[in-house]
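Okay, so here's the structure we're looking at.
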Amino acid sequence: MGDNPDFRQHGDRIPGVAGGVVGRVNDLSYEEKRERLEELAPEELAEIEAGDEEDEHDLPSLPNAAEHEEIRMRCAPNPNGPWHVGHARMPAVIGTYRDRYDGWFCVRFDDTDPETKRPDLDAYDAILEDLEYLGFEPDEIYRASDRLETYYDHARELIELGGAYTCSCPGEEFSELKNAGEPCPHRDKDSETVLAEFEEMIDGEYESGELVLRVKTDIEHKNPALRDWVAFRMIDTPHPREEASEYRCWPMLDFQSGVDDHLLGITHIVRGIDLQDSAKRQRFVYDYFDWEYPEVVHWGHVQIDAYDVKVSTSTIAALIEEGELDGWDDPSAPTLSSLRRRGIRGEAIVDAMVELGTSTSDVDLAMSAVYANNRELIDDDTDRRFLVREGNQLPLGGSPPDEANPPLHPDHESRGVREIPVGDAVLLEPDDVPAREERVWLKGLGCFQYTRDTLQYTGEDIDVVRDGDVDVVHWVPARESVPVRMRTMDGDVSGRAEPAVAELEADEVVQFERVGFARVDRHEDDETVAYYAHP
RNA sequence: GCUCCGAUAGUGUAGUCCGGCCAAUCAUAUUGCCCUCUCGAGGCAAUGACCGGGGUUCAAAUCCCCGUCGGAGCACCA
């Protein structure tokens with residue numbers, strides 16, 4: 001139409017004409033379409049078929065991936081506690097990219113604040129365990145607190161390049177100058193003085209707040225967030241790691257992370273929008289050193305539905321401290337260790353995180369998506385068992401069989417059947433107790449009518465269920481069942497299970513029929529403890 | 001106040017760069033039906049979205065402008 005403006009007045013007929021053609025094309029088989037396209041436009045076909053491979057990935061391609069010999073990424077957690085569900089996003093995404101590009105990723109603990117974000121010594125290993133649970137093994141592990149000398153060396157070099165200055169302005173005063181776009185009096189110091197003062201910082205000759213090293217950026221930059229930011233500051237509190245406890249002069253994230261990303265050969269940085277300006281800040285350092293900045297992907301925050309507690313390490317820690325939660329793996333804690341204890345596979349979480357993509361807007365993760373993934377992973381392998389929660393006891397009459405033999409898995413009869421002794425009374429969940437004179441089908445056992453306070457065995461065959469007149473319910477023998485405490489997100493539920501549950505291996509995941517999936521946690525003297533996963 | 005981002009069904013996502021049956025993809029969710037000795041699994045179906053307003057154009061989810069809403073940074077936190 002650009003070539004033939006005369007056609008424009010007939011533009012509204014395009015849908016009619018194109019529609020017919022599209023209709024005819026849609027009627028062709030896949031092979032016919034492919035053949036026809038090969039005749040008309042082989043290069044288009046090639047593009048489409050390349051695209052087909054692309055479509056198998058849930059994540060968008062990494063920017064300029066082809067230009068790098070090896071895709072190298074890092075996961076840079078602050079070890080201030082075990083991971084919550086939201087933390088799974090980073091390993092899920094970069095681990096998925098690593099597999100896709102045959103790349104590399106490391107875990108680098110950015111533990112450079114011994115005070116405000118004080119590292120928790122147990123968290124280093126806890127995080128690595130969480131990572132293993134998710135199914136990833138890092139190619140390398142680093143701790144920033146091992147690398148202080150490297151950061152100092154680069155700071156010295158930066159000072160010699162005239163890219164940094166020591167500054168003793170109180171924070172508030174500097175902030176005012178900065179917001180006005182005015183340099184502070186320390187900005188023009190010669191580099192010998194700066195270097196000497198920086199060495200004194202390293203030697204611990206200043207106290208917290210007395211002197212910082214700033215990167216000289218552009219004091220009039222239109223974005224105030226980028227103006228002369230702090231690279232090193234003094235911290236009086238010793239680092240909890242023995243190896244790092246003597247250091248007092250600590251780099252800020254933007255300096256440490258910027259230097260490390262270069263030294264580790266990181267090609268792609270994935271991080272949250274809270275660090276949107278980090279790349280812009282770090283670029284000033286990169287420019288001084290004449291380094292090339294990695295590609296950056298930013299994503300928004302993840303909210304997770306289904307949890308009452310706020311998903312943040314410090315909030316969870318506080319709730320544990322107050323006794324609101326039993327620990328990091330309490331069933332209602334939004335942590336990875338909790339999901340693991342509930343029998344949810346790390347893979348289910350990873351898949352859900354990958355499905356979220358890498359959009360810069362904030363996203364909500366629906367736990368139902370994780371549950372759906374997990375159900376798909378485990379359903380086929382999971383044996384069925386009966387658990388009756390807060391059961392009502394009902395005597396049996398009419399000489400029912402001594403033993404019931406429901407299958408371990410309805411879709412796999414070859415796995416065999418369970419052997420559940422019946423006895424002279426059963427427990428039913430309150431909602432399942434039939435009305436007077438009504439019938440109910442006890443799964444794997446038979447049909448019963450509720451008459452004169454007893455369940456009378458009627459001996460009818462399964463057709464009564466197929467006719468739709470009789471509800472099918474789960475049950476346990478009143479006497480030979482075993483006590484179970486099932487821990488759920490909404491609190492503990494007591495119940496009784498078929499006897500074999502007392503013999504299950506810890507860690508086995510079962511489906512309590514009509515209740516949901518749960519993981520057997522342990523057997524205590526008087527009860528079995530299970531953790532509920534999901535319906 | 002200054003500076004950056006972003007906005008497609010309940011949720012997430014594809015499409016946006018390069019406008020053209022996009023009366024919009026897929027998954028999940030919810031509901032109904034079929035199947036099943038589970039409320040699980042499987043099958044089928046329904047529900048449900050381009051933030052608003054202008055502009056450009058024969059044609060706008062897509063490009064431009066203005067709003068609105070949301071997020072982020074302006075830390076000696078990460």
Side-chain angles (χ1 to χ4, degrees), chain A residues 1 5 7-23 26 55 58 60 76-78 80 110-113 115-117 167 169-171 174-175 178-179 181 208-214 221-227 229-235 250 252-254 256-257 271-278 280-281 298 300-301 303 305 352 355-357 359-373 375-376 378-380 382 384 386 406-407 409-411 441-447 462 465-466 470 472-474 511-517 534-535:
Chain A
M1 214 137 336
F7 290 170
R8 286 191 180 162
Q9 52 181 316
H10 305 298
D12 54 357
R13 292 177 57 195
I14 287 182
V17 175
V21 177
V22 171
N26 283 343
D55 287 346
D58 281 310
N78 179 336
N80 63 345
D110 282 355
D111 54 350
T112 56
D113 184 351
E115 197 167 279
T116 321
K117 295 247 164 143
C167 170
C169 291
F174 184 86
S175 181
K178 182 201 65 185
N179 288 333
S208 168
E210 284 187 322
L211 199 66
V212 299
L213 184 76
R214 288 184 186 280
H221 197 285
K222 66 173 182 168
N223 184 348
L226 311 187
R227 297 172 189 166
W229 45 272
V230 173
F232 285 82
R233 82 296 209 192
M234 304 301 300
I235 294 179
W250 286 90
M252 299 285 288
L253 173 82
D254 279 320
Q256 173 267 125
S257 173
R271 62 179 161 214
I273 42 169
D274 48 332
L275 265 21
Q276 262 177 128
D277 290 333
S278 264
K280 294 171 187 164
R281 275 195 280 262
H298 290 288
H301 298 273
Q303 308 260 336
D305 72 355
E355 284 158 19
L356 291 183
S359 144
T360 53
S361 43
D362 290 357
V363 295
D364 288 344
L365 172 68
M367 281 306 291
S368 60
V370 174
Y371 298 156
N373 290 341
R375 210 179 281 128
E376 182 155 351
I378 67 172
D379 183 65
D380 211 45
T382 305
R384 270 52 175 170
F386 289 150
H409 192 115
D411 304 333
W441 185 281
L442 302 189
K443 253 179 104 85
L445 182 58
C447 191
I462 192 65
V465 172
R466 296 202 173 110
V470 179
V472 175
V473 303
H474 59 292
Q511 189 206 86
F512 290 125
E513 295 197 63
R514 301 181 68 234
V515 174
F517 294 87
H534 51 73

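All figures in this text were calculated on a predicted structure; none of them were measured in a lab. Letters A, B, ... are given to chains in the order of the sequence lines, protein chains preceding strands, and every chain is numbered from 1.
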Does any non-hydrogen side-chain atom of [Y] lie less than 4.5 Å from one of [X]?
X       : Y       : answer
L365(A) : E355(A) : no
I273(A) : D362(A) : yes
E115(A) : W250(A) : no

Can you identify which nucleotide, out of [options], has its nearest atom closest to the [X] side chain?
X       : options                : result
P410(A) : G71(B), G6(B), G40(B)  : G40(B)
M252(A) : C37(B), C4(B), C76(B)  : C76(B)
K117(A) : A78(B), G73(B), G12(B) : A78(B)
R514(A) : A7(B), C76(B), C39(B)  : C39(B)
D364(A) : C77(B), U38(B), U11(B) : U11(B)
L356(A) : G12(B), C37(B), U38(B) : G12(B)
W441(A) : G73(B), C37(B), A41(B) : C37(B)
Q276(A) : A7(B), C4(B), C37(B)   : C4(B)
K178(A) : C4(B), C74(B), C77(B)  : C74(B)
A366(A) : U3(B), A78(B), U11(B)  : U11(B)

T112(A) vs M252(A), test: side chain to side chain contact (heavy atoms under 4.5 Å, CB included). Steps then yes/no. CA-CA 7 Å; T112(A) 56; M252(A) 299 285 288; over 6 Å; no

Sugar-phosphate only, base, or nothing, as touched by E355(A) at under 4.0 Å among non-hydrogen atoms: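 Sugar-phosphate contact only.
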
Between the base of U38(B) and the side chain of R384(A), is there a donor and acceptor pair under 3.5 angstrom?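 Yes, a donor-acceptor pair under 3.5 Å.
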
Please state whether the base of C37(B) and the side chain of K443(A) form at least one donor-acceptor pair under 3.5 Å?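 Flag unset: no donor-acceptor pair detected.
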
[atom1]-based separation of [M] from [N] [nearest Å]:
N      : M      : atom1 : answer
C26(B) : U36(B) : P     : 29 Å
G6(B)  : U31(B) : P     : 37 Å
U28(B) : G1(B)  : P     : 45 Å
U47(B) : C5(B)  : C1'   : 34 Å

Over how many whole Å does the gap from [X] atom [atom1] to [N] atom [atom2] extend?
X       : N      : atom1 : atom2 : result
R227(A) : A75(B) : CZ    : C1'   : 16 Å
D362(A) : U13(B) : CG    : C1'   : 16 Å
D111(A) : A78(B) : CG    : C1'   : 11 Å

Do R227(A) side-chain atoms and H221(A) backbone N/O form a donor-acceptor pair below 3.5 Å?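 At least one qualifying donor-acceptor pair exists.
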
Side chain R384(A), main chain T382(A), donor-acceptor under 3.5 Å: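 Yes.
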
With RNA chain B as reference, determine whether K222(A) or M234(A) sits nearer its 5' end, using the nearest nucleotide of each.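 The residue mapped nearer the 5' terminus is K222(A).
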
Counting only side-chain nitrogens and oxygens, does R233(A) get under 4.0 Å of the OP1 or OP2 atom of A78(B)?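 Checking R233(A) against A78(B): at least one side-chain N or O falls below 4.0 Å of OP1 or OP2.
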
